[in-house]
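In the text below, chain A, chain B and the rest are named by the order of the sequence lines, each starting its count at 1.
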Amino acid sequence: MYEEGKEAVRLREKEKLVYKRVGLMFSRRWRFGWDRFTEVDIFAGHNDTSAETLSQAIRAAASEEPDADGSVLFGHLQGTVVGLRYYTGVVNQGEMVGLVRQPQNPYDSNAVMVANVYGCQVGHIKKELAAAMAHVMDNNLAKVEGVVHSGTKNKFTMPVMLSFWGKEENKNAVMESMARRGYKLNTGGMKPLGANQTYSSQGARAMSSKKGVTIALTPEELKNAFDNLFEDLMESKDGEKEAAKSVSTPLLPHQKQALSWMCTRENKSGLPPFWEKRGELYYNSLTCFSAKEIPERVCGGILADDMGLGKTLTTIALILTNFRKGKPLPVETCQEEQSSFVKMASKLKGSSSASDGTGTLCSERPQGSVVCVETPDVVEIKDKSEKSTSKGKTKATKRKASKDAPVMLEDLDFAAALSGSSVDSGLKKKRVSKTEPPTLRADSSISKRGEDSSARTTLIICPLSVLSNWLDQFEQHVHANVKLNVYLYYGSDRNRSKTFLSSQDVVITTYNVLSAEFGNKSPLHAINWLRVVLDEGHVIRNPNALMSKAVLELTAQRRWILSGTPIQNSVKDLWMLLAFLRLKPFDVREWWNRVIQRPVTQGDRAGLQNLQTLVKCITLRRTKSSEVDGRPLVSLPKKTVCVEQVELSQPEREEYELARNEGRNTIGRYVAEGTVLRNYADVLAILMRLRQHCCHPDLLSKTSLDLDAPATPAELRQRLIEKLRMVLASGSDEECSVCLDSVRLPVITHCAHVYCRPCIAQVISTQQDTARCPLCRSEIKISELVEFPQEEMEEENRRTNSENWRTSSKVQALMSNLLRLEAKTAALSVWLSLSSHVSSQYWRLHLESMDSVLCVWMGP
DNA sequence: ACCGCCGGGTGCC
DNA sequence: ACCGCCGGGTGCC
């Protein structure tokens, strides 16, 4: 690669030096990606790996920086990039460059590195200027961005137009600091030379950012634009695709469309948004970056359909239909040992607590909401239906296999509940194997394990609350005689073997498990997944959360985000999604901020247009009111509302009257004081309590409603305990906002937010002296966390034990109606069996037809 | 870099 | 000459 001779040796020595310095820098400052930064990479010159590592490092650095929101432009400065000859990074006319401080540079601790969009180093800022910039950058007074307008072909140095952005209050400090070192920022209206016409040009935007060339959107328009960002995508995406035969549920037309779209997104080789081919090069029209290699395309996207449209089913269909090269997952070519539906799954929290957690449920009658049965050996549950719709060959193989395995017939109701179907669906045969399943399939490409072509597994990550739903849906929508290896990666005895996991068809886990594994020899991060699916993907919108980092570090060929609400608050939420999808170059925060977020928040039309284009390319969204070819997407049966008057029983009536008098007195007091309006929230609370009384008296505690401010610490404590009890009992808010799992060891903060004790303790210890509540930013202390008192806990348990459980008139009326309906409609029975899995601790019924939302704590 | 800078060689014209 | 001048070596931070 290099010529022989003195010059070559000298260059090589220099490069080694550079490598050592860069290495030093990375090893000290950045944790991620270091392992891939090897000597080989840097000597490979244009090698992708070094660039990617740099890119990751820049990304890591950028993510530590505060958001670009609210930044104002301080001014411009013409600077010089030097040392071009030592680096491989090249830039185009008008291209954006990144400026990264290198405090560890042994030659100059003020060094400022210049890198292009892909993170390839272009050069350094000349040292005198770097010294001035270092002060500003290190003290976070300003963020400096650069655009190269000319001299891109230069051998040694090139000019760069720098712009300084930061908080208004830092402006003077920055101007003075730069002036002290002899640099005067240009705040005038002179348009820099060579500025691009698009918004992407730093110079052009800088000039027009306040009020100038572009007509900014009004806040109102901006808000509408956000609201419509996803709504405008509903134009029909062409084509329908039939699901593979292994999918037992027929897809609705809109689901076939979604499947078709998803397959296309996974298989097509087109260029990502804003990339175009220019001669031999690929060119990004927003950043002006170009590359020889075809830009890595995004295999995947965001499925943002409204809830209820079948995102889960469509995803299951995708897994079975689009394996490699557009072919279905090879499930029908059975070999002996792997016939039948193999499923390793066990132990959601509820089941383990209900049955003391051992994995040997097969020998006893299952209790609680056990989703699946695990045995140390092998169990078979009989097929739903003896009449096989699949080929005889499959059936025969399957039979043969089942001879070898111990067979166990399970409780009929239980089996039916598992499948989500009604009782009369018959016996189920299930085969669960604890041994490593054979890895070789009929598909020959699997032989080269470790290469891309060997990836076979889809990893599904979801919140705990929908975990069981995925298992149910797999069982429900996949033909019973199809062998599909679905492994639930959850619970303390989960199989962490890489070989085992990567031989599955599907691995399901939770965000919580994923973060827990992250940085801890995580097998999930060591596997090259065929596909990673983030269910309820909007939960990863905070890029600082460990969970988000864990998700970003997964290796996969295809990536999907399922979410009914992809944007929760602002454009900011989108970044995490794009970063997960690896939509270059926006997966690096800086480019996202520069090209999309800041322009959009400043009301720039072109920026918004770019954002819309971006989102449109990767998202499919339909709502229930969407239409396909003039027909509604889904046709639901008409809703019928039946009002049934239910008489309270005598004891219920007495309790109700008690509460009513109490409430009336309180409100009467407010009226007398003339403070009703000021206390209207309390009035509503009283009314709510009365409605709860009507549903079930146990929804309320025996303690009376005391609306005055707590006078003593003891009173505050009692109040908090009461609130904690309400939260736990209501079932509406049992998730811990830190881990997103069901709350374990619940504690309540003085600001009345409920978390798992370990979770919030962790938060407090990392924030040290001034810890703040993740939900409301109030100051919190370990010593002020309030637990549910043990005796009350026992009291609660006693109250909800089956012997002590009391019903209520309304619950009785509801139950009799439900049972009556269940006999009539299969759909309802499905719903019932699903909701029994919704939560391990509480059975929640949300029925609009009742006076208010009725939350019944029924216990296990 | 068709520069600037450094430092060694050199020294009337 | 403790200078000037010349020309080769050299060159990011």
- Task: Would you check if A/Phe156 stacks with the base of B/dA1, given a 5.5 Å centroid limit and a 30° plane limit, both strict?
- Result: yes
- Stacking of A/Tyr107 on C/dC12 base (centres under 5.5 Å, planes under 30°): no
- Classify the side chain of A/Asp108 versus the base of C/dC13 as yes if they form a donor-acceptor pair under 3.5 Å and no if they do not. no
- Task: Look at the side chain of A/Tyr87 and the base of C/dC12, then say whether one donor and one acceptor between them are separated by less than 3.5 Å.
- Result: yes
- Task: Check whether any side-chain N or O of A/Lys127 sits under 4.0 Å from OP1 or OP2 of C/dC12, and answer yes or no.
- Result: no
- Any A/Val148 side-chain heavy atom under 4.5 Å of A/Met96 side chain: no
Rounded off to whole Å, could you give me the [atom1]-to-[atom2] distance for the [X] and [N] pair?
| X | N | atom1 | atom2 | result |
| --- | --- | --- | --- | --- |
| A/Leu99 | C/dC13 | CG | P | 15 Å |
| A/Lys155 | B/dC3 | NZ | C1' | 13 Å |
| A/Asn154 | B/dC3 | CG | C1' | 13 Å |
| A/Arg85 | C/dG11 | CZ | P | 7 Å |
| A/Arg101 | C/dC13 | CZ | P | 14 Å |
| A/Leu129 | C/dC12 | CG | P | 17 Å |

- Message: Regarding A/Glu296 and A/Arg582, does a basic nitrogen lie under 4.0 Å from an acidic carboxylate oxygen?
- Response: no
[atom1]-based separation of [M] from [N] [nearest Å]:
| N | M | atom1 | result |
| --- | --- | --- | --- |
| B/dC12 | C/dC3 | C1' | 15 Å |
| B/dC6 | B/dA1 | C1' | 15 Å |
| C/dG4 | B/dG11 | C1' | 9 Å |

- Task: Assign A/Lys126 to base, sugar-phosphate, or nothing according to its heavy-atom contacts below 4.0 angstrom with the strands shown.
- Result: sugar-phosphate
- Query: What does A/Leu84 touch in the nucleic acid at a heavy-atom separation under 4.0 angstrom: a base, only the sugar-phosphate, or nothing?
  - Reply: nothing
- Task: Apply salt bridge (charged side-chain N to carboxylate O under 4.0 Å, His left out) to A/Arg297 and list each qualifying residue two or more places apart in sequence or on a separate chain.
- Result: none
- Query: Mind checking what makes salt bridge (charged side-chain N to carboxylate O under 4.0 Å, His left out) contact with A/Arg181, not counting sequence neighbours?
  - Reply: none
- Note on the structure: When both distances are under 3.5 Å in a Watson-Crick or G-U wobble arrangement, the nucleotide paired with B/dC3 is C/dG11
- Item | Short side-chain donor-acceptor distance under 3.5 Å, A/Ser163 and A/His76 | no
